[in-house]
Every structure is written in C-alpha cells, then in structure tokens.
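Here's the structure we're looking at; comments come further down.
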Amino acid sequence: MTPFRVVVADKIAREGLGPLASDARFEIVERPGLKGEELAAAIADADAVLVRSATKITRESLSRATKLKVIGRAGVGVDTIDVDAATERGIAVMNAPAGNTIAAAELAFALLLARVRNVAAADRSMREGKWDRGALGGTELYRKTLGLIGAGRIGSEVARRAKAFEMRVLAYDPYLSEDAARAMGIELAPLEQVLREADAVSLHVPLTDQTRGILNAERLAMLKPGAILVNAARGGLVDETALVEALKSGRIAGAALDVYEQEPLPADHPFRSLSSAVLTPHLGASTEEAQLNVAVEIAEAVRAALLEGDFSGAVNAPLVGGERLQRLRPLLDLATRLGRLASVLVDGAVTEVAMLLR
Ligand code: NAD
C-alpha cells in the first residue's frame, strides 16, 4: 500500500508527530514556511497537511490538492485556514482544541496577577534604577469578582484557578448549562450583569460572527470604574479604539492583553505607550508542554481520519466518530460500493444522488 503523504507545512516538534512518524503507513514530508504557488505545489499530492500558525491555507493553496482529505491545525483557532474553500472541496479541517488549555488558562491568570500587582511596571521601574514602592501598590484578587465571557475549556480552568484565590466567578456563556456551571462553582449571568459586577473581566470565547466586537464601546462603558480587562482569547473580540479611550481616560484601571486585532501589534500602536496595559505577544499557547500536546493531539486525529475514516474532530463536518462510526461503518462501506457500481453503470459523471428514506 502506498503510504499516506502528510505534508507538515509549519515547524512542528518531531516528537509530537510520533503517532504518524512511527508508522510506515505514513510518509512525513516537512516543508515549513511555504506560501503561494510553492505551497500549492507542495500539497498537490498530499493526503493531509499539518499547520501551526505561520502558514496560511488559502483557497489558492488548495486549488491543486486533488487527494487532500484533511487539514490539521496544531492549535485551537482555524482562522489561518480558508475553511469554506476546504469544505467546498470535501476536505476536513481538524484542530487540536484541548492541548493548549492549561497553557492559555495559566497565561490569562498570569496576566491578571501581573496587572493587579503591577509586576510589569515594577520590573520596568527596577531596571531604571528606581525603588518606587509608593507608586506601585496594587489590589488583591481575594473576594473580588471575576467575570468570564465564555466558560469552555480555558474559561473553566481560569475559573478553577480563581476559586483557589477565593474569588467569586460570574460567567456569561449561553451554551453552558446551569448544572455544569454550578459544578464548577460558577454563577451564570447575562453579559451586561457580568460587565457591571466584575472587578476583572476575562474573555474566553472563540472569534465568530457573534463574538466579533463583543466588547464594543457601549459594553466597555458598562465596566466598573477601576475594572481590569484580560484578553488572551482573540484580538477581534474587543474594540481596540474604545479600549484605548477607556484606558487613557482612566475609566478602567487596566488591561492585560495577549492578542490583538492586528498581529504582530504595530510598533506605534497606542497600547504600547499606555502604562496601564500589560502586553504579551500572543504567548497563550507558548509552553513546551502545550506545543507537544497539540502536535500529538492533531497527529492522532489525522491518523484516525486517514486510517479509520474517523472525522469526529472536524470543525466543518458533522460529528460522527467512536462507537457510532463503528456501527455505521458497514453502511458506509455499502454506500461506497454502490457508488462504485453506479459510476460504471451510468454514462458520464454522476451529477445528482437522491436518497429514499423509508
Ligand atoms: P471552548 O470552545 O472550549 O470554549 C469557548 C466557550 O465560549 C464555550 O463554552 C462556548 O459555549 C462559549 N461561547 C461561544 N460563543 C459564545 C458567545 N457568543 N457568547 C458567550 N459565550 C460563547 O474554547 P477554549 O478552548 O476555551 O478556547 C477559547 C478561545 O481561546 C479560543 O477560541 C481561542 O481563540 C483562544 N485561545 C487563545 C490562545 C492564545 O494563545 N492566546 C491559546 C488557546 C486558545
């Protein structure tokens, strides 16, 4: 059997590719850093392509990919992949949603602590030769309210850490059940209530049409005077111009940001000159552990997709996997055989398939 050709189009830790690299049924081709025509050529005869965040899979890069079955992203967001173009060509897009969770939650918490205790400002001041204890006093998290927007994998880990600091956790997440929230010690509340009551608000939603600009000027104005905003989710969630205004006017006490509308953050961006903002360059997933976790997670998902037809982790296909897939497999096999038979019985290409359900 010809091995499945898996093109690794970004730098991904070799040990993380173990589930594919250790099996002769896969041929790993490492081609990091390509774009345009070169990328299209590299994946033209691939069965799968793996990316991290540097390489963008555009409609053009898929134009010649006639064998491609799956695009695997070693990370959570799939915004570097043209998912619509992939779907149109019947290519599954899979991500590694769990491997980054702890890394991202710990960074959100580190940002929150750094901001409330002036860690970054104190460090800057020490390096300037000062000993400025008077100007660097902070506030405590103990018994304060943390407002979460989104309490999925990362949000709930942030909540768990907040509980250890004896904070009250309020969350806006319309898809989280009361029972699940209660089990995590989280109170669910409408967005406006979260914004009005929280001492610190931390965003943990994906960037979608519904969440883009979820913290616009009007909503930022609902924050308590003196509140802190943490964003380690995605840049487009917050109206940056409105946030700069809220920080400049001192209406909110500070922001701690890991993600930005435009990345890399432009050198002259106003955030860079605001001392009440703590900034990191999209480091949420940048731990040794997370990089390995996401690589293994996506390598396992791609392996299951190519060997077993298990596309349950695809973000652009209905969820069929595990036991359900096992039960459906004979029917899928039957459908494949009938399709093959039909293709030799009809003249020309099949243009329409109708199913009669009884
Ligand atoms: P998740 O899917 O587990 O959780 C997202 C939560 O948001 C879910 O509970 C969902 O119900 C909720 N949600 C969806 N739409 C909503 C809406 N309109 N309003 C309120 N809640 C809504 O995702 P996760 O693993 O927790 O990741 C959250 C985000 O963190 C990711 O989408 C990614 O953008 C970001 N992230 C950033 C980094 C980084 O490097 N800074 C690393 C990992 C993840």
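Note that ligands are numbered from 1 as they come in the structure, with each ligand's atoms numbered from 1 the same way.
Between Ser276 and Arg115, the closest heavy-atom pair is O-NE, 3.0 Å. For the residue pair Lys67 and Lys69, the shortest heavy atom distance occurs at O-NZ, 3.0 Å.
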Check step by step if salt bridge (Lys or Arg N to Asp or Glu O under 4.0 Å) holds for Glu30 and Arg14.
CA-CA 10 Å; Glu30 287 177 86; Arg14 188 78 195 186; 2.4 Å; yes

Kindly indicate, with the supporting measurements, whether the criterion salt bridge (Lys or Arg N to Asp or Glu O under 4.0 Å) is fulfilled by Lys130 and Asp132.
CA-CA 6 Å; Lys130 298 181 190 160; Asp132 202 1; 5.3 Å; no

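Side-chain contact between Leu203 and Ile214 is present, with heavy atoms from C-beta onward closer than 4.5 Å.
For the side-chain contact (heavy atoms from CB on, under 4.5 Å) test with Val51, the passing option among Val7, Ile57, Val8 is Ile57; the others fail.
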Between ligand 1 and the protein, which N/O pairs are shorter than 3.5 Å?
residue  : atom   : partner : partner atom : Å
ligand 1 : 3 (O)  : Arg153  : N            : 2.8
ligand 1 : 3 (O)  : Arg153  : NE           : 3.4
ligand 1 : 3 (O)  : Arg153  : NH2          : 3.3
ligand 1 : 9 (O)  : Gly152  : N            : 3.3
ligand 1 : 9 (O)  : Asp173  : OD2          : 2.6
ligand 1 : 11 (O) : Asp173  : OD1          : 2.7
ligand 1 : 11 (O) : Asp173  : OD2          : 3.3
ligand 1 : 25 (O) : Arg153  : NE           : 3.1
ligand 1 : 26 (O) : Arg153  : N            : 3.4
ligand 1 : 26 (O) : Ile154  : N            : 2.8
ligand 1 : 34 (O) : Ala233  : O            : 3.4
ligand 1 : 40 (O) : His282  : NE2          : 3.1
ligand 1 : 40 (O) : Gly284  : N            : 3.3
ligand 1 : 40 (O) : Ala285  : N            : 3.2
ligand 1 : 41 (N) : Ala232  : O            : 3.0
ligand 1 : 41 (N) : Asp258  : OD2          : 3.0

